[in-house]
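We name chains A, B, ... by the order of the sequence lines, and we start the count at 1 in each one. Computation of the quantities below employed the complete heavy-atom set of this structure, encompassing side-chain atoms and omitting hydrogens, waters and symmetry-equivalent molecules.
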Amino acid sequence: MKLWQGTIREIRLGPSGRSAWIECPPQAQPAAGQYLLGWAFEDEDVPLAAPVFPAAFADGGFLAAAPIPKTWEPGTALILQGPLGRGFDLPVSSSRLVMAALGDTVERLTVLLPQVLAGGCAVAICAGCALPVLPPDVEIYPLDSLAEVLPWADFVVLDVPLSAFDRLKALLASPLPPGQVLVETAMPCGGLSECGACAVQGCRGPKLACRDGPVFSLSELAVFAG
Amino acid sequence: MPKTDVVYSPPVLNAAGMLGFAPGTHGPVDLHRLGGFVTNSLSLRPRRPASSAGCLAFAGGFLLHTGYPNPGLIRALRQWAPAWERSPLPVLVSLLLQDVSEVVPMLEALETNPGVSGVEINLPSGAKPSDLLAVTRAAFSELAVVVRLPLDRAERMVQGIVNDLLEAGLAAISLGPPRGALVNPQGRLVHGRLYGPAIYPQNLSVTHALVSTGLPVISAGGVYSQAQVAELLAVGASAVQLDAVLWRNPGLVL
């Protein structure tokens, strides 16, 4: 784990809440699905650093997906730990990709769109939350349509709160294509101590989202087995 | 003879559960700014994460419910004893007792490890003052014996037995996080350990009270600044443990 200094350059208000453009060294930029733990020098009373995931990339920094801490404003100086965890690793051969978000944002998935659309991949998004402006090539479906859309896909990427795994199982009526899932859960130690607060049930024993994830292959997690 | 006059220099350590099972394995914490390293808590038998493990925020802190996952003492020794021996810091192995009878076999497993300078013993839940005294007496060994008591129970636990504890060879009492409960977003009541700046006033009060009894005290709970470390040492703490501040900014060891 490395430490970096970053600065908030811009705050944006979008359908998922407040996001922030963070200026930071290139080595600090997390890949899609990875995260940083961010803390502002001014936030003396904040007990923990906040996880930030990329929603978009640009030279000199990245857009941190909503939500971000309420105290972060343009000019806020940050200490950034990371990049942490395991991010998305999409197969280059994928040509029909389904993205599905069960939480409050799709931004942790739509960060993949420039890469996959440039590769000629067709994309369908299933979500129940408000959506940002998306490229016209992307097809949008309600979350309840996930089981109908999945048979079309050769790869699926999911963004699921750990608390929503039961709901996910109810939505997955059909056999799954290969895929990956970003498990959204609190990761207070960022892998520093293996505290266990982010434990996820794996097929071969517990996994830690902070260190072993937060992106897992579907085949790794017990919720997708059988 | 047990070591009872343990001095940590500087008088700052990490709290159990904050920096993993061995020093030097995780990144940016400058270990030279600590006077000792406390391992994650180890039980005699392996423990898996709690089925409802999580972290819930409240004003001024957070609740942690983890189940104390660990591979068990014997496997931990195989995996980490070499790192403990290489440690530039004295290593206190944190032990989690399910039953007071476990203290003897656990200490026997640790005593011959050259990398271990002491143990920090966490009593079983619901332990009484008589259990604290029994564990301290049973833990008679070459190692420094620190017993960790939750902030919300520490004063009651030592009442009336301070001299007995010191005669039994107790090196220090350390303070552990108090317990509380919150309702999670799914509507379930979750019990767990409390951390955060909101805990500090309770820590300062309990540290002062325990020091007044004559006990050596390693203070812990809600410490987020050098000024707070100085305050705790000024009221008589022998050393101070840092907990969640190490997760917030691991490069800024106070």
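Put simply, the side chain of B:P69 does not reach to within 4.5 Å of the side chain of A:P206, judged on heavy atoms. In this structure the side chain of A:P47 never reaches within 4.5 angstrom of the side chain of B:R248, judged on heavy atoms.
For A:A49, the parts lying under 4.5 angstrom from a heavy atom of chain B are both the backbone and the side chain. Only the backbone of A:E44 comes within less than 4.5 Å of a heavy atom in chain B; its side chain stays farther off. If you measure heavy-atom distances from A:C198 to chain B, you find no contacts under 4.5 Å at all. Interface residue A:I79: only side-chain heavy atoms are found under 4.5 Å from chain B.
Among the candidates A:G205, A:P188, A:A199, the residue making the largest number of heavy-atom pairs closer than 4.5 Å to chain B is A:P188. Your options are B:N184, B:T66, B:N70, and the one with the most heavy-atom pairs under 4.5 Å with chain A is B:T66. Ranked by heavy-atom pairs under 4.5 Å with chain B, the list A:D45, A:L37, A:T185 is led by A:D45.
No more than 12 heavy atoms of other residues, nucleotides or ligands sit less than 6.0 Å from atom CG of A:D104. Within 6.0 Å of CD in A:E10 there are more than 12 heavy atoms belonging to other residues, nucleotides or ligands.
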Check: Could you go step by step and tell me if A:L48 and B:C55 meet the side-chain contact (heavy atoms from CB on, under 4.5 Å) rule?
Finding: CA-CA 11 Å; A:L48 287 171; B:C55 175; 4.1 Å; yes
| query | Hey, mind stepping through B:F21 and A:E194 against side-chain contact (heavy atoms from CB on, under 4.5 Å) and telling me if it holds? | reply | CA-CA 9 Å; B:F21 293 98; A:E194 302 173 35; 4.1 Å; yes
**Message:** Under the criterion side-chain contact (heavy atoms from CB on, under 4.5 Å), I'd like the reasoning laid out for A:Q201 against B:R48: C-alpha separation, chi angles, the key distance, then a yes or no.
**Reply:** CA-CA 10 Å; A:Q201 191 56 40; B:R48 298 167 75 95; 3.6 Å; yes
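The two residues B:Y224 and A:V46 make their nearest non-hydrogen contact at CE2-O, 4.0 Å. Here the shortest heavy-atom pairing between A:L192 and B:W247 reads CD2-CD1, 3.8 Å.
A distance of 11.5 Å separates CZ of B:R188 from OG of A:S163, quoted to the nearest 0.5 Å. With values rounded to the nearest 0.5 angstrom, A:C189 atom SG is found 8.5 Å from B:L64 atom CG. Taken to the nearest 0.5 Å, the OG atom of A:S193 stands 6.0 Å off from the CE atom of B:M18.
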